[in-house]
Amino acid sequence: EVQLVESGGGLVQAGGSLRLSCAASGFSFDDYAIGWFRQAPGKEREGVSCIRNYDGTTYYSDSVKGRFTISSDNAKDTVYLQMNSLKPEDTGVYFCARGRLPLYSNNWSKRLAYDYWGQGTQVTVSS
């Protein structure tokens, strides 16, 4: 059974940092890409970052580029999202998901490119 479990969310002041984890199981981790999405209240879920575990290629949305870093520990089947210089607009529920298609720069941020999703972890950034 494919499972993705997020952790590491919490409440932080603007300018602070958090590290999210996505622990995967039930599939060959090295063969897939893992993406991070977030959803703020009343807004659509948006792609934040993605890593292709098979070659290490990474993608970022413009809104987080330079502040967030995605990484993968293939020995632990875990993807991390290091979030620095957090802003109130980064607030939302953060989800990780497994890519079901080959992911490239033109499709990594689309929800339909992913098949399995975690339950999410709440990130709240206070001003």
Side-chain angles (χ1 to χ4, degrees):
E1 178 187 7
V2 174
Q3 285 193 322
L4 298 165
V5 180
E6 304 93 338
S7 62
L11 173 64
V12 64
Q13 288 189 330
S17 298
L18 282 174
R19 188 178 81 155
L20 305 183
S21 299
C22 172
S25 62
F27 63 98
S28 182
F29 183 78
D30 295 3
D31 293 339
Y32 288 85
I34 299 292
W36 282 100
F37 286 71
R38 67 187 179 190
Q39 188 164 18
K43 294 189 176 181
E44 290 191 0
R45 196 170 298 187
E46 62 169 345
V48 173
S49 184
C50 168
I51 185 166
R52 302 192 319 199
N53 291 330
Y54 42 90
D55 68 0
T57 298
T58 59
Y59 300 103
Y60 297 93
S61 67
D62 288 343
S63 62
V64 308
K65 200 172 295 182
R67 299 188 298 121
F68 291 11
T69 302
I70 192 170
S71 62
S72 180
D73 185 336
N74 288 19
K76 296 183 178 180
D77 288 0
T78 300
V79 171
Y80 303 98
L81 186 68
Q82 177 67 43
M83 307 187 296
N84 298 330
S85 302
L86 282 162
K87 305 175 181 180
E89 50 263 44
D90 293 319
T91 294
V93 179
Y94 282 69
F95 301 89
C96 63
R98 188 185 77 165
R100 68 175 185 90
L101 300 172
L103 297 182
Y104 303 101
S105 59
N106 62 348
N107 70 346
W108 73 267
S109 63
K110 300 184 188 305
R111 292 183 61 178
L112 290 178
Y114 298 82
D115 53 5
Y116 289 91
W117 295 78
Q119 292 301 306
T121 185
Q122 176 70 45
V123 171
T124 303
V125 184
S126 64
S127 56

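Nothing here was measured: the structure is a model prediction, and the numbers come from that model.
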Going through the checks in order, is the side-chain contact (heavy atoms from CB on, under 4.5 Å) test met by Arg38 and Val64?
CA-CA 12 Å; Arg38 67 187 179 190; Val64 308; 3.9 Å; yes
About how many Å separate CD1 of Ile34 and SG of Cys96, when rounded to the nearest 0.5 Å?
6.5 Å
Do Ser21 and Lys76 have side-chain heavy atoms sitting under 4.5 Å apart?
no
Step by step, work out the side-chain contact (heavy atoms from CB on, under 4.5 Å) result for Arg67 and Tyr60.
CA-CA 10 Å; Arg67 299 188 298 121; Tyr60 297 93; over 6 Å; no
Would you say the rings of Tyr116 and Phe27 are close, in the sense that their centroids are separated by under 6.0 Å?
no
Taking every non-hydrogen atom, the tightest pair across Ser126 and Leu11
CB-CD1, 4.4 Å
Among Cys22, Ser71, Ser49, the one residue meeting side-chain contact (heavy atoms from CB on, under 4.5 Å) with Leu81
Ser49
Distance col, row Leu18:CG vs Tyr94:OH, nearest 0.5 angstrom, shows 9.0 Å
Please tell me whether Tyr32 and Leu20 are part of a single hydrophobic cluster in this structure, the criterion being side-chain heavy atoms less than 4.5 Å apart.
yes
Should the pair Arg111 and Trp117 be classed as cation-pi, given the thresholds of under 6.0 Å to the six-membered ring centre and 45° from the axis?
yes
If you define the side chain from C-beta out and look only at heavy atoms, does anything of Phe29 sit under 4.5 Å from Val79?
yes
Could Arg19 and Tyr80 be counted as a cation-pi pair, given that NZ or CZ must be under 6.0 Å from the ring centre and within 45° of the axis?
yes
CD1 (Ile70) and OG1 (Thr57) are apart, to the nearest 0.5 Å, by 11.5 Å
Looking only at non-hydrogen atoms, find the nearest pair between Gly120 and Val93 and report the distance.
CA-CG1, 3.8 Å
With distance as the sole test, does Asn107 use its side chain to make a donor-acceptor pair with the main-chain N or O of Pro102 at under 3.5 Å?
yes
Over all heavy atoms of both residues, which pair between Leu103 and Ala113 is shortest? Give the atoms and the distance, please.
CD2-CB, 3.5 Å
In a check of side-chain hydrogen bond (donor to acceptor under 3.5 Å, both in side chains) between Ser72 and each of Thr78, Asn53, Thr58, Asp77, which one passes?
Asn53
Quick one: are Val125 and Glu89 in side-chain contact, heavy atoms under 4.5 Å?
no
Can you find a pair of side-chain heavy atoms, one from Asp90 and one from Met83, that are under 4.5 Å apart?
no
Mind checking the CD-CD spacing from Gln39 to Glu46? Nearest 0.5 Å is all I need.
9.5 Å
Which heavy atom in Pro88 sits nearest to a heavy atom in Ala14, and how many Å separate them?
CD-CB, 4.1 Å
Distance col, row Lys87:NZ vs Ser127:OG, nearest 0.5 angstrom, shows 14.0 Å
Could you tell me if the ring centre of Phe68 sits under 6.0 Å from that of Trp36?
no
To the closest 0.5 Å, what do you measure between CD (Glu6) and OG1 (Thr121)?
7.0 Å
Joint hydrophobic cluster, Phe95 plus Tyr114, side-chain heavy atoms closer than 4.5 Å:
yes
Check whether any side-chain heavy atom of Phe37 sits under 4.5 Å from a side-chain heavy atom of Glu44, and report yes or no.
no
Assess whether side-chain contact (heavy atoms from CB on, under 4.5 Å) is satisfied between Val2 and Arg98, documenting all intermediate values.
CA-CA 9 Å; Val2 174; Arg98 188 185 77 165; 3.8 Å; yes
Gln122 atom CD, neighbour heavy-atom count above 12 within 6.0 Å:
yes
